[in-house]
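Presented below is the structure to which this report refers.
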Amino acid sequence: MSVYNAACDVARPGNHHRLEDIPAHDPFVLTDAHSGTYYLYTGAAPQLHETDRYGVLVYKSTDLEQWAGPYLVFSIPDDSWAHPQHGAWAPEVHAYQGRYYLFVTLHHNDRLLEGEPIQGYTKHWRGTVIAVSDTPEGPFQLLNEERPVLPETMMTLDGTLYIDEQQQPWIVYCHEWVQMIDGTIEAMRLNDDWSGTVGEPVHLFSGSAAPWLPSTLSHSPDSLQDQVGVDPASSADTALPTDTASISDMAPHEPTVYVTDGCQLYRTSGGSLVMLWSSYEHDSYVQTIARSVSGSLEGPWEQLDPLVREDSGHGMLFQTFDGAWKLILHRPFRIPESRCHLFDIVDTGDSFRLA
């Protein structure tokens, strides 16, 4: 086993990588004004990075052009509920009250949940964990090693942090299409130490709410595997399940499924609350956006036109040190071909659009 390329070499971090060099999925950028550093987080996989288990990497830059790394900031521990060889998806890091919190989706494919497989995908333990560090460079330590943040009976992914108007922290997440058929985006309040949640889930919207999604498509049964490809949670050279799948009606006896991925929430300059999320249009990943009509997390949510098509998605917004908005996402979906792409973004007051 060897590293995929120099930009994947955890044992020998480099200083002059460019985004086109770095295989990445579900990218997340933290801007750290104190150090003047942009931190780019993505998953670590044994098949790409020659690590002994899955985890999270970070790359560092001061100009968004040249990146130093990769540096390993989190590895799945042996004594946690998650299997160290079953993947780490969608890492993101948030600064909160002087500390840094890593949200990342982990798995245990052998701990099954109730229900029959859908399109060949089993229901099993999958959920976001939260880990903490005093610096954005880690190492990050799990707050709860026994279970995900959300109830383990729920097959969920891509949890993100939202702080509401009363300064109450929430986890907003995607409820898997494998369990829901019509995947949803939901929210739950975090408990005081962020090791779990309190109250009941709040339904925000379902994947089928996007008006641009076709209700039925014509595909061969192989198209699911063709699209799924490989991400940092699976083998680098074998088509295995990842964090999403095609929305099509792949087989006559199976229902049409709708994917929800990569929820991220932002306020515009005019006070509108918007959410980035991703799904599929035909066999191509799409970066889209929704807006809360009420301006609150509970919605209702209206679906806006997609931001980027062309097999692109799981993006997030950040502001540069001079205040400019940027969108970073991955394209194409498949790993190791997937790379980060940056777009200039305009804050229109009631939404965001490409410049």
Intermediate values then yes/no, ring pair (Phe, Tyr, Trp, His ring centres under 6.0 Å), Tyr4 and His49: CA-CA 7 Å; Tyr4 177 73; His49 306 100; 9.0 Å; no
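- When side chains are defined from C-beta on, Leu317 does not count as touching Gln264, because their heavy atoms never get closer than 4.5 Å.
- Put simply, CZ on Phe321 and CG on Asp63 are 10.5 Å apart, with the number rounded to the nearest 0.5 Å.
- Judged as a salt bridge (charged side-chain N to carboxylate O under 4.0 Å, His left out), the pairs with a partner in residues 267-277 (not counting sequence neighbours) are, in order, Glu165-Arg267.
- At least one donor-acceptor pair closer than 3.5 Å links the side chain of Asp311 to the backbone N or O of Phe333.
- Both Tyr121 and Tyr280 are part of a single hydrophobic cluster, where members link through side-chain heavy atoms under 4.5 Å apart.
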Indicate every side-chain donor-acceptor pair of residues 135-147 with a distance under 3.5 Å to a residue at least two apart or in another chain.
{"from": "Thr135", "atom 1": "OG1", "to": "Glu137", "atom 2": "N", "distance (Å)": "3.2"}
{"from": "Thr135", "atom 1": "OG1", "to": "Gly138", "atom 2": "N", "distance (Å)": "3.4"}
{"from": "Thr135", "atom 1": "OG1", "to": "Gly138", "atom 2": "O", "distance (Å)": "3.3"}
{"from": "Glu137", "atom 1": "OE2", "to": "Tyr39", "atom 2": "OH", "distance (Å)": "2.9"}
{"from": "Glu137", "atom 1": "OE2", "to": "Lys60", "atom 2": "NZ", "distance (Å)": "3.4"}
{"from": "Asn144", "atom 1": "OD1", "to": "Glu146", "atom 2": "N", "distance (Å)": "2.9"}
{"from": "Asn144", "atom 1": "ND2", "to": "Ser195", "atom 2": "O", "distance (Å)": "3.4"}

I would like to know whether Asp261 and Tyr285 meet side chain to side chain donor-acceptor pair (under 3.5 Å); could you show each step before the answer? CA-CA 10 Å; Asp261 281 348; Tyr285 210 37; 2.8 Å; yes
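- Heavy-atom minimum distance, Gly299 versus Ser294: O-OG, 2.6 Å.
- Across all non-hydrogen atoms, the minimal contact from Thr122 to Met155 is O-CE, 3.6 Å.
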Please evaluate residues His341 and His330 with respect to the criterion ring pair (Phe, Tyr, Trp, His ring centres under 6.0 Å), reporting the C-alpha separation (whole Å), side-chain torsions for both, the decisive distance (0.1 Å), and the verdict. CA-CA 6 Å; His341 293 262; His330 67 241; 9.6 Å; no
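- Nearest heavy atoms, Ala44 versus Val56: CB-N, 3.9 Å.
- Closest of all the heavy-atom pairs between Arg126 and His107 is NE-ND1, 3.0 Å.
- The distance from atom SG of Cys263 to atom CE of Met275, rounded to the nearest 0.5 Å, is 6.0 Å.
- No chain of hydrophobic side-chain contacts below 4.5 Å, direct or via other Ile, Leu, Val, Met, Phe, Trp or Tyr residues, connects Tyr173 to Val259.
- Listed for the Thr37 side chain is no donor-acceptor partner under 3.5 Å among the backbone atoms of Ser61.
- Thr197 has its side chain within reach of Val149: a pair of non-hydrogen atoms, C-beta onward, lies under 4.5 Å apart.
- Under the ring-ring contact (aromatic ring centres under 6.0 Å, His included) criterion, Phe74 pairs with no residue at all, not counting sequence neighbours.
- Listed by first and then second residue, the salt bridge (charged side-chain N to carboxylate O under 4.0 Å, His left out) pairs that reach into residues 184-196 come to none, sequence neighbours excluded.
- Aromatic rings of His83 and Tyr54 (six-membered ring for Trp) have centroids beyond the 6.0 Å cut-off, not under it.
- Ile130 and Trp81 fall into different hydrophobic clusters, where Ile, Leu, Val, Met, Phe, Trp and Tyr side chains are chained together by heavy-atom contacts under 4.5 Å.
- The six-membered or imidazole ring of Tyr38 lies away from that of Trp67, with a centre-to-centre distance of 6.0 Å or more.
- Remark: His175 engages no residue in a ring-ring contact (aromatic ring centres under 6.0 Å, His included) (not counting sequence neighbours).
- In this view, Ala82 and Ile76, Ser80, Leu106 satisfy the side-chain contact (heavy atoms from CB on, under 4.5 Å) rule, not counting sequence neighbours.
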For the pair Arg53 and Asp78, evaluate salt bridge (charged side-chain N to carboxylate O under 4.0 Å, His left out) and give the outcome as yes or no after the intermediate values. CA-CA 10 Å; Arg53 62 192 60 220; Asp78 287 324; 2.9 Å; yes
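- If you check the side chains of Thr160 and Glu92, you find a donor sitting under 3.5 Å from an acceptor.
- Residues Val274 and Leu265 are not in side-chain contact: their nearest non-hydrogen atoms beyond the backbone lie 4.5 Å or more apart.
- Not counting sequence neighbours, the partners of Arg99 by the side-chain contact (heavy atoms from CB on, under 4.5 Å) test are Tyr101, Val132, Asp134.
- Looking at heavy atoms from C-beta onward, Ser206 lies out of side-chain contact with Tyr258 at the 4.5 angstrom threshold.
- Residues Ala290 and Trp277 approach most closely at CB-NE1, 4.1 Å, considering heavy atoms.
- Under the side-chain contact (heavy atoms from CB on, under 4.5 Å) criterion, Gln319 pairs with Trp325, sequence neighbours left out.
- Once rounded to the nearest 0.5 Å, the distance linking CG of Leu113 with CD of Glu176 reads 11.0 Å.
- From Leu327, atom CG reaches atom CD of Gln287 across 6.0 Å, with rounding to the nearest 0.5 Å.
- Clustering of Ile, Leu, Val, Met, Phe, Trp and Tyr by side-chain heavy atoms under 4.5 Å joins Val293 with none of the others.
- With sequence neighbours left out, the side-chain contact (heavy atoms from CB on, under 4.5 Å) criterion links Leu342 to Leu19, Leu64, Phe318, Lys326, Ile328.
- Atom OG of Ser312 sits about 5.5 Å away from atom CG of Leu329, to the nearest 0.5 Å.
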Please report the C-alpha distance between His124 and Asn109 in whole Å, then the side-chain angles of each, then the deciding distance to 0.1 Å, and finally whether the side chain to side chain donor-acceptor pair (under 3.5 Å) criterion is met. CA-CA 6 Å; His124 55 263; Asn109 302 342; 3.1 Å; yes
Show every donor-acceptor pair shorter than 3.5 Å between a side-chain atom in residues 346-355 and any protein atom, with sequence neighbours excluded, or say none if there are none.
{"from": "Asp347", "atom 1": "OD1", "to": "Ser269", "atom 2": "N", "distance (Å)": "3.4"}
{"from": "Asp347", "atom 1": "OD1", "to": "Ser269", "atom 2": "OG", "distance (Å)": "3.3"}
{"from": "Asp347", "atom 1": "OD1", "to": "Gly349", "atom 2": "N", "distance (Å)": "2.9"}
{"from": "Asp347", "atom 1": "OD2", "to": "Ser269", "atom 2": "N", "distance (Å)": "2.8"}
{"from": "Asp347", "atom 1": "OD2", "to": "Ser269", "atom 2": "OG", "distance (Å)": "3.2"}
{"from": "Thr348", "atom 1": "OG1", "to": "Asp350", "atom 2": "OD1", "distance (Å)": "2.9"}
{"from": "Thr348", "atom 1": "OG1", "to": "Ser351", "atom 2": "N", "distance (Å)": "3.1"}
{"from": "Thr348", "atom 1": "OG1", "to": "Ser351", "atom 2": "O", "distance (Å)": "3.0"}

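- If you look at Phe28 and His94, their ring centroids are closer than 6.0 Å.
- Pairing each heavy atom of Trp212 with each of Leu304, the nearest pair is NE1-O, 3.9 Å.
- With a 4.5 Å cut-off on side-chain heavy atoms, Ile118 and Lys123 count as touching.
- Using a 4.5 Å cut-off on side-chain heavy atoms (C-beta onward), Cys8 and Pro23 make contact.
- Both Ile289 and Val29 belong to a common hydrophobic cluster when Ile, Leu, Val, Met, Phe, Trp and Tyr are linked at side-chain heavy-atom distances under 4.5 angstrom.
- Going from atom CD of Gln168 over to atom CG of Leu297 covers 11.0 Å, rounded to the nearest 0.5 Å.
- The list of side chain to side chain donor-acceptor pair (under 3.5 Å) pairs with a residue in residues 15-24, not counting sequence neighbours, reads His16-Gln66.
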Could you go through Glu281 and Arg309, starting from their C-alpha distance and side-chain angles, then the distance that decides it, and tell me whether this counts as salt bridge (charged side-chain N to carboxylate O under 4.0 Å, His left out)? CA-CA 8 Å; Glu281 184 179 39; Arg309 287 182 162 92; 2.5 Å; yes
